[in-house]
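All heavy atoms count here, side chains included; hydrogens, waters and symmetry mates do not. As the structure lists them, so they are numbered: ligands from 1, and atoms in each ligand from 1. Worth saying up front: this structure is predicted, and the values here are computed from it rather than measured.
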Amino acid sequence: MSVMISTWRMSYIGMVKARRNYGLNHDLDQALAALIHDVENDPRFHSVGMGGLPNQQGIIQCDASYMNGTTLAYGACGAVENVVSPFDLAYLLSKEYRFNNFLVGQGAYDYANDHGLTIGSLMDYATWKQYTDRSNQDMAALKAYDGHDTVCACMVDDQGHCVVGTSTSGLFMKHPGRLGDTPCIGCGFYADDQIGAAAATGMGEAICKGVLSHAVLQRIAQGEEPMHAASTLVAEFTEILKSRYGKTDAISLIVVDKQGRYGVGTNVDFAFVLSVDDQPVRTYVALADPHGCTIHMDDGQINVD
Ligand code: ASP
């Protein structure tokens, strides 16, 4: 069985493309790239790639990752500017097996440029207007968290091979140079063919505190069923943050294990896309619940991205 799961409604068309692509050549890396490129290239999605959300200085800085569950090779980039597909850069960095797997800032840009990746501005008029409108407001009242979302996808094929990929422009109005969970291994993503693949979206600082993508896979390795592992991990970790830190932030987690069983955990209402073999691609909504979450068909009635 081949199973693919991805974050937010924005990944639906990308998932359809990924499934079509997989049907042609059974290559998970190409399917993953098809999904993430679709979201990165669509300026209507203001939190990933083209038309992404700028930082406090009006500059779009992106984070992305890729991991191969067979070899454990991974690549990641952070706070990179003007690279049209940050995911492609992460994928390329995963081929640097011994070192230089995780590059940030100017060094990441230079690597992309030197290796012939497409370079160009990600800014469009809508994004610039959004930024200037916000900048004209009282800056002290602006929270970095106002607007975000990461495209994440976890995939497993019928041989139990797993891959994961992520891409985001991170938090709107973040401090220049800020990194969230998305490019940080174990936090925003992890894949291991002996267990499965996992990825996270939401407030990166909160997700990193629990190293949640690795943590959920460890629970599955110890015998928990993926849905139970993901939903209870997020519910329990949310309570830990509340008790230790006084508050928490949005956290959503997706996972698929090597047998093709999927799981979702969230402490906010969250949409995800699922594709199982040749069955129709479907969007679902996970509704947060103090003990886990409940999964519903997406009928468009719930206000979630
Ligand atoms: N996790 C991303 C970050 O913190 C944002 C998101 O997924 O909403 O940069």
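In the hydrophobic clustering of this structure, Leu241 groups with Ile207; members are Ile, Leu, Val, Met, Phe, Trp, Tyr whose side-chain heavy atoms approach within less than 4.5 Å, directly or through other members. Tracing side-chain contacts under 4.5 Å through hydrophobic residues (I, L, V, M, F, W, Y), one never reaches Leu179 starting from Leu103; they form parts of separate clusters.
Of the candidates Ile207, Thr150, Val48, Thr150 brings a heavy atom nearest to atom 7 (O) of ligand 1.
Two residues are said to be in side-chain contact when any heavy atoms from C-beta on lie closer than 4.5 Å; Phe237 and Asn267 fail this criterion. Counting only heavy atoms from C-beta outward, the side chains of Lys17 and Leu35 never approach each other to under 4.5 Å.
For ligand 1, the atoms sitting less than 4.0 Å from at least one non-hydrogen atom of Asp149 are 6 (C), 7 (O), 8 (O), numbered in the order shown with element in parentheses. Below 4.0 Å from some heavy atom of Thr201 lie the following atoms of ligand 1, by number and element: 6 (C), 7 (O), 8 (O). Residue Gly170 approaches ligand 1 through these ligand atoms, each under 4.0 Å from one of its heavy atoms: 9 (O).
Remark: Tyr66 OH to Leu89 CG distance equals 14.5 Å, nearest 0.5 Å.
Between Arg178 and ligand 1, a contact under 3.5 Å exists for at least one N or O pair. Any N or O atom pair closer than 3.5 Å counts here, and Gly202 shares at least one such pair with ligand 1. Among the atoms of Asp181, some N or O lies under 3.5 angstrom from an N or O of ligand 1.
Without hydrogens or angle criteria, Thr266 side chain to Ser252 main chain gives no donor-acceptor distance under 3.5 Å.
Only side-chain heavy atoms of Thr182 come within less than 4.0 Å of ligand 1; its backbone N, CA, C and O stay farther off.
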